[in-house]
Amino acid sequence: MAKTSVLDNIGFDSMSLLQANKGISAVVGKELADHLSGKRFMILSLLVMAACMAALYVAASTIRASVGRDELDFVFLKLFTTSGSSLPFSFISFVSFLGPLVGLTMGFDAINGERDRRTLSRILSQPIYRDALINGKFIAGVAVIAIMIFSLGFTVAGLGLIVIGVPPTIEEILRILAYLVLSVIYISFWLGLSMLFSVYFRQTSTSALASIAVWLFLAVFAGLLAGMVADSIYPVTDSADVDQILLNTRLHQNLSRISPTNLYDEAITTLLNPSVRTLGPVLLQQAIGAIEGPLSFGQSLLLIWPHVVGLIAAVLVCFAVAYIVFMRQEIRA
Amino acid sequence: MTAEKQILVETIDLTKCYGDLTAVDHLNLKVEKGSIFGLLGPNGAGKTTTILMILGLTEPTEGKALVAGYDATRNPLAVKSIVGYLPDNVGFYDELTGRENLYYTAALNGLKRDDAEKRITWALERVDLLKDGDRKVGEYSRGMRQRLGIADVLIKDPELIILDEPTLGIDPEGIREILELIKGLARDDGRTVLISSHLLHQVQQICDKVGIFVEGKLIASGSIDELGTQLFEGKSLQVELKAEPGGESLVRLCRSIDGIQEVRKHGDFLLLQCSKDIRHVLVNRLTAEGYTLMHLRLKGFSLDDIYQRYFQKEGYHGQNISS
């Protein structure tokens, strides 16, 4: 045997159980490098960065203009939530609107892109389990989302600190951190969804289109549709009584909560706005005797806990379906 | 090599059905260690499906595939770590360099950075791509991609190399290089090679053994000579003859020879249907009668004839086989 001597001294323990984990870490490393050096990611982060900077600028000038007129509770949080007349979007509305786009762009060609490039069978013939590929891609995607959201959040917080000159309280920091974590989970949902489409559809353009269709539907039309359904089941007329109105509102709210966009919007409003005390309709007699004042962080978190659980469940369901479909798929096209 | 007769790949009643379609039908295949085995068949015969089952990438409906004693379905990682697979029309990440692409493969195989670098340089040198290793794969020609594919297979230092249509779409010079390379992998390194192809002539050049595969069934296997004998057992031989001067007198002469059953004209040639090999007698008679022999060939021993004959024998026709 004329094997080169180089080969003889290589410790190549192919049977080791660590192999599968090595497979995942290799995939994660490759995908991270791909995302972070890719033009796609660059364009998206510039877009999101520009939007958020604009929002920060408007928020800071609005806050400065209103200093002394309003009560100055939680000024730091207002950096994230305030919009102005020149730009009707705040930081959080930008993230909530553009975030899904980030997730979708990173996942829509995860699997069918590999198929297109004819790399899938080559990669899967390496000694890794099949799920290492999809797990690795998902983990890398979530990591990139986390890096992006946290750096964005901290940049805005840091610049805000310089601009308005009021340091955040511990409570505010906790709320901002919780908000950022929630945003990562929310965007991961869209990553999971687009990965599901990338497994299901063979064409990358089809999966991109399907992802955008679902995004538009959930972000724009789901609330509208929920209202229509609620109105047709519990019509509210001039002569309707309180119960009817209440039933209508509750149904509307619960139906629109099927959409993760709605869940997320409700959750972050509560998190960054300590004066939000309840998310459902409140009757006058329930409000009597309540003491005015902001909720503590723990209480706000308690209020949105079902939302958090719902969002995490949505991410897991999406990914699990993608996982199962992928594991059962034939490798060849 | 002492392990000459050791079996590396064995399939036992390997079957794969897609709905009503049986892609692979009770396949029993044995590949000896250190040999080059050619899996021959038209498009859609089930070659790629068989390969995927040997690799454990597709689950067989019935039966099993064993590689070095490991069941490919139960222990795919063990199998995949000793089998290098070059898929038909292999793809790489165009935006990465050849070296980076190979590095990803090395990482998936669990090689450490230093080892991987050494192995990559070695593999690139082997396929003569060392100077192009730092170029983006997007700039590679098709032949270079194919050679990079072979380097990619070599990264894991495989015992068995499976090549699916390795010569498809490559110019003749490129094909020659790749076949040389494949031959070297078996002869010099002692690796076992399984080639799937529908291009007979190329496979004939380098294979020790071939298996003919049609509609999911292995209808013949063995060395090319063995296939010839299998085919012509109990069948009459055909001899192609051309001699000067031709015409009726030549036909009459042929008819008079014992053992020739039928004489037909086929273009410039005469086709002689014989019950035994009469070439020796024929040549003597022709010279004795003053004929000049221009062409004499015993048909059926080139792979082309074998391939064609097997399809006819089994009642298969090219147009019935979906691709």
Side-chain angles (χ1 to χ4, degrees), chain A residues 1-35 37-40 109 112-133 136 327-333, chain B residues 1 18 34 48-49 51-52 55-59 75-96 100-101 103-112 114-116 118-119 121-122 125-126 149 152-157 162 164 184 187-191:
Chain A
M1 302 255 200
K3 272 187 199 172
T4 325
S5 62
V6 175
L7 294 184
D8 297 333
N9 51 31
I10 290 177
F12 186 51
D13 186 12
S14 53
M15 301 298 152
S16 85
L17 281 172
L18 287 171
Q19 194 64 51
N21 295 328
K22 273 181 189 157
I24 290 191
S25 59
V27 175
V28 171
K30 155 85 170 50
E31 292 296 322
L32 271 181
D34 272 7
H35 282 313
S37 62
K39 292 192 183 77
R40 196 190 287 177
D109 64 347
N112 54 16
E114 299 275 350
R115 255 183 224 283
D116 262 7
R117 280 173 292 189
R118 297 183 156 275
T119 45
L120 187 64
S121 51
R122 191 170 60 84
I123 298 305
L124 290 181
S125 72
Q126 307 306 332
I128 56 167
Y129 290 111
R130 191 190 282 201
D131 59 355
L133 186 70
M327 292 302 275
R328 293 181 166 201
Q329 229 167 23
E330 288 292 332
I331 294 302
R332 62 190 307 191
Chain B
M1 275 180 277
Y18 293 107
T48 306
T49 309
I51 289 172
L52 291 179
L55 277 164
L57 288 179
T58 292
E59 221 169 294
N75 208 345
L77 282 204
V79 169
K80 288 196 276 186
S81 63
I82 53 170
V83 182
Y85 171 48
L86 178 64
D88 149 34
N89 210 343
V90 65
F92 288 95
Y93 301 102
D94 284 350
E95 68 283 2
L96 300 181
E100 283 165 350
N101 267 293
Y103 184 73
Y104 185 34
T105 306
L108 288 173
N109 277 286
L111 262 67
K112 290 185 191 68
D114 291 352
D115 296 341
K118 274 186 225 163
R119 188 76 68 83
T121 308
W122 171 80
E125 203 171 0
R126 191 74 202 260
D152 184 70
V153 164
L154 288 175
I155 292 294
K156 68 168 80 160
D157 191 18
I162 298 180
D164 198 353
R187 302 278 183 279
D188 307 341
D189 298 3
R191 300 179 209 275

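Keep in mind that what you see is a predicted model, and the values were worked out from it rather than measured. Order of the sequence lines fixes the chain letters, A, B, ..., with proteins taken first and strands second; residue numbering starts at 1 for each chain.
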*With a 4.5 angstrom heavy-atom cut-off, which part of B/L57 approaches chain A: side chain, backbone, both or neither?*
both
*Heavy-atom distance under 4.5 Å to chain A: side chain of B/E59, backbone, both or neither?*
neither
*Select one option (side chain, backbone, both, neither) describing which atoms of B/T48 are under 4.5 Å from chain A's heavy atoms.*
both
*Can you say whether B/I162 sits under 4.5 Å from chain A via the side chain, the backbone, both, or neither, judging by heavy atoms?*
neither
*Walk me through it: do B/T105 and B/K156 pass the test side-chain contact (heavy atoms from CB on, under 4.5 Å)?*
CA-CA 8 Å; B/T105 306; B/K156 68 168 80 160; 5.7 Å; no
*Among the options B/N75, B/T49, B/D114, B/T121, pick out the one with the most heavy-atom pairs lying under 4.5 Å from chain A.*
B/T49
*Rounded to the nearest 0.5 Å, what separation is found between the CG atom of B/L52 and the OH atom of B/Y85?*
4.5 Å
*Would you check, one step at a time, whether the test side-chain contact (heavy atoms from CB on, under 4.5 Å) holds for A/R117 with B/D94?*
CA-CA 9 Å; A/R117 280 173 292 189; B/D94 284 350; 6.0 Å; no
_Using modelled atom types and a 3.5 Å cut-off, is there a donor and acceptor pairing between side-chain atoms of B/K80 and backbone atoms of A/L124?_
yes
_Contacting moiety of B/V83, where chain A heavy atoms sit under 4.5 Å_ = backbone
*Select one option (side chain, backbone, both, neither) describing which atoms of B/D88 are under 4.5 Å from chain A's heavy atoms.*
backbone
_SB check A/K30 A/D34 (cutoff 4.0 Å)_ = yes
*Give a yes or no on whether the backbone of B/Y93 and the side-chain of B/N101 come within a donor-acceptor separation of less than 3.5 Å.*
yes
